[in-house]
Amino acid sequence: MKVSHALALLFIAWFAVLGRSQAVTLEVNEGNSTCIKAELSASFAITYNTSNSTRTAQVSLPDSATVDTGSSSCGTDSSSPWLVAVFGAGHALGLSFSTNGSLYSVANLTLQYNLSDTSTFPEASSSDVVTVVSSSVGIWATVNTTYRCVSPSTFGVGGETVTFSNMRLEAYMPGNDLSPTESICMADQSSTTAPPTTASSTTTAAPAPTPPGTPERGTYSVKNSNGTTCLLAQMGLQLNVSYFSRSQNKTIQDLVNLTPSQTNSSGSCEASSATLSLTQEQTTMLNFTFTLNSTSNKYHLSAITLLANWSDMSVALLASNTSLNYLRGSLGRSYMCNAEQVLAVVPAFSLNTFRLQIQPFAVTTNQFATAEECQMDQDQMLIPIIVGAALAGLVLIVLIAYLIGRKRSHAGYQTI
Ligand SMILES: *[C@@H]1O[C@H](CO)[C@@H](O)[C@H](O)[C@H]1NC(C)=O
Ligand SMILES: *[C@@H]1O[C@H](CO)[C@@H](O)[C@H](O)[C@H]1NC(C)=O
Ligand SMILES: *[C@@H]1O[C@H](CO)[C@@H](O)[C@H](O)[C@H]1NC(C)=O
Ligand SMILES: *[C@@H]1O[C@H](CO)[C@@H](O)[C@H](O)[C@H]1NC(C)=O
Ligand SMILES: *[C@@H]1O[C@H](CO)[C@@H](O)[C@H](O)[C@H]1NC(C)=O
Ligand SMILES: *[C@@H]1O[C@H](CO)[C@@H](O)[C@H](O)[C@H]1NC(C)=O
Ligand SMILES: *[C@@H]1O[C@H](CO)[C@@H](O)[C@H](O)[C@H]1NC(C)=O
Ligand SMILES: *[C@@H]1O[C@H](CO)[C@@H](O)[C@H](O)[C@H]1NC(C)=O
Ligand SMILES: *[C@@H]1O[C@H](CO)[C@@H](O)[C@H](O)[C@H]1NC(C)=O
Ligand SMILES: *[C@@H]1O[C@H](CO)[C@@H](O)[C@H](O)[C@H]1NC(C)=O
Ligand SMILES: *[C@@H]1O[C@H](CO)[C@@H](O)[C@H](O)[C@H]1NC(C)=O
Ligand SMILES: *[C@@H]1O[C@H](CO)[C@@H](O)[C@H](O)[C@H]1NC(C)=O
């Protein structure tokens, strides 16, 4: 029983960390020897144009990704080692390596995606195969060691972002398996050395972060292509993010309120899914995806994605979970929750909502339909009722006690 519980927790944690992405193992061989080996999870945020808007697709490197032996190579005197993984309908991820004898690094990162794949890029206006390259992504390790980075790290590649997590990787391998000695990335070092540093910093200088207070309530909406409003939302939003702070040189827990006046909303509405995208000053992008089950006529918040690129972050944070089940409501109704709700997304990011009302489907005449209230609000309404009932009960008991007392004393009087 205990073991199965622990296992279940482990699985939940695993899925929470990875969202939908799986750890994939990729190897490049020459003859009988392996020169590059990578175990990693990767996800991509790809922005593309539809006929009259832009959209962001979240793509994970699937389990079925394989090494493209045609373009991958262990390198020659004139060319660098290259690992190319292909997946889906003509998508590819490439890592090219270079070394100076004592260190090796990922020289550049290539992402290729096929916009004709309409299941991944619905309504894309182009059908091109797009290739984007970034150089010097900062993945490097000592030769004959394995580069290890369990923490998610996000890299901008062209206009897209690539996020690696649970990464173990080696190039210029001396043997056929990953070297036992590891070069650990900065983000992992900070999380393992965090307890001692926080202990010492609290005794020396404690720059107590001022809590931002309750966020202001914003009103957001999404319009259809024909200009009618198809999604309505009113809510106060607070991001609870843990990241490696450059200024404090450690991992910190940060609470950041979204400021409605600096936040733009956009999105899209389809028959069974609706997306609300909130962007604050180019540095914070928060996406909500709602899914409608047309059998049960119930909707829920099924995915949250956060892309945060704040000045104090050592790497941008991309956090995504596409298997959520929050804010459940019925088609034709809005969902309301005045009480604070904590929507856990990934371990490093949760979202706190305040005074929320949302309607992702069947919006007519720009107004919220009748609201279905969350359990917490109903419980809060119960409190006065319970208190009232308890007071009434107390009054009744006192009254009965008084009546009985009066009767007794009356009876006692008569016997004397
Ligand atoms: C690969 O291994 C086989 C048997 O282990 C050996 O006969 C062959 O020569 C090796 N090839 C190379 C290129 O090392
Ligand atoms: C999307 O459209 C905008 C203008 O409509 C254009 O500037 C941009 O290059 C397009 N992006 C892509 C990826 O095609
Ligand atoms: C892109 O996707 C389309 C449709 O899925 C497919 O026909 C085409 O072969 C793909 N292109 C490449 C380069 O794989
Ligand atoms: C390789 O590069 C690193 C960092 O740039 C440098 O510290 C090291 O001395 C270089 N090694 C050689 C053999 O050039
Ligand atoms: C990637 O880096 C390698 C090694 O530095 C270089 O040979 C190759 O041309 C680069 N590719 C691109 C597309 O920049
Ligand atoms: C984060 O912002 C910096 C500077 O504003 C930019 O150079 C970088 O590409 C951004 N990273 C991502 C992943 O968007
Ligand atoms: C890496 O290992 C190989 C084989 O064990 C050895 O020949 C080479 O000198 C090592 N390189 C470094 C930089 O330690
Ligand atoms: C958006 O595109 C559709 C066709 O795909 C068109 O009917 C509609 O007028 C366009 N809307 C705007 C605002 O350009
Ligand atoms: C606007 O488009 C939606 C579907 O995209 C449709 O249900 C609705 O009737 C349209 N409204 C008008 C006024 O054309
Ligand atoms: C923020 O998240 C951390 C870790 O999940 C949690 O301990 C903390 O209570 C949260 N703070 C708020 C205000 O939600
Ligand atoms: C950050 O902290 C690490 C160890 O905690 C230390 O080695 C490093 O020098 C520090 N860097 C800066 C810039 O303070
Ligand atoms: C939709 O709801 C029905 C009834 O509650 C359920 O059986 C079905 O699995 C749901 N479909 C999806 C895709 O969740």
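As the structure lists them, so they are numbered: ligands from 1, and atoms in each ligand from 1.
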For Asn114, atoms of ligand 3 separated by under 4.0 Å from a heavy atom: 1 (C), 2 (O), 3 (C), 8 (C), 10 (C), 11 (N), 12 (C), 14 (O)

For Gly90, the ligand 3 atoms whose distance to one of its heavy atoms is below 4.0 Å: 14 (O)

Answer yes or no: does an N/O atom from Thr295 fall short of 3.5 Å to an N/O atom of ligand 12? no

Side chain to side chain contact (heavy atoms under 4.5 Å, CB included) partners for Cys74, two or more places apart: Val28, Glu30, Cys35

Going by ring pair (Phe, Tyr, Trp, His ring centres under 6.0 Å), name the residues that satisfy it together with Tyr335, two or more places apart in sequence or in a different chain. none

Ring pair (Phe, Tyr, Trp, His ring centres under 6.0 Å) involving Phe44 - partner list, sequence neighbours excluded: Phe87

Starting from the N and O atoms of ligand 7, find every protein N or O within less than 3.5 Å and list the pair with its distance.
unit_1   : atom_1 : unit_2 : atom_2 : d
ligand 7 : 2 (O)  : Asn144 : OD1    : 3.2
ligand 7 : 2 (O)  : Asn144 : ND2    : 2.2
ligand 7 : 11 (N) : Asn144 : ND2    : 2.9
ligand 7 : 14 (O) : Asn144 : ND2    : 3.2

Atoms of ligand 12 under 4.0 Å from any heavy atom of Asn293, numbered from 1 in the order shown, are 1 (C), 2 (O), 3 (C), 8 (C), 10 (C), 11 (N), 12 (C), 14 (O)

Check whether the side chains of Ser119 and Asp117 place a donor and an acceptor atom closer than 3.5 Å, and report yes or no. yes

Ion pair check, Glu123 and Arg55, cut-off under 4.0 Å: yes

Is a salt bridge present between Arg168 and Glu182, judged by a nitrogen-to-oxygen distance below 4.0 Å? yes

Would a distance-only check, ignoring hydrogens and angles, find a side-chain to backbone donor-acceptor pair under 3.5 Å from Asp312 to Ser247? yes

With no hydrogens and no angle check, is any side-chain donor or acceptor of Ser53 less than 3.5 Å from a backbone partner on Thr50? no

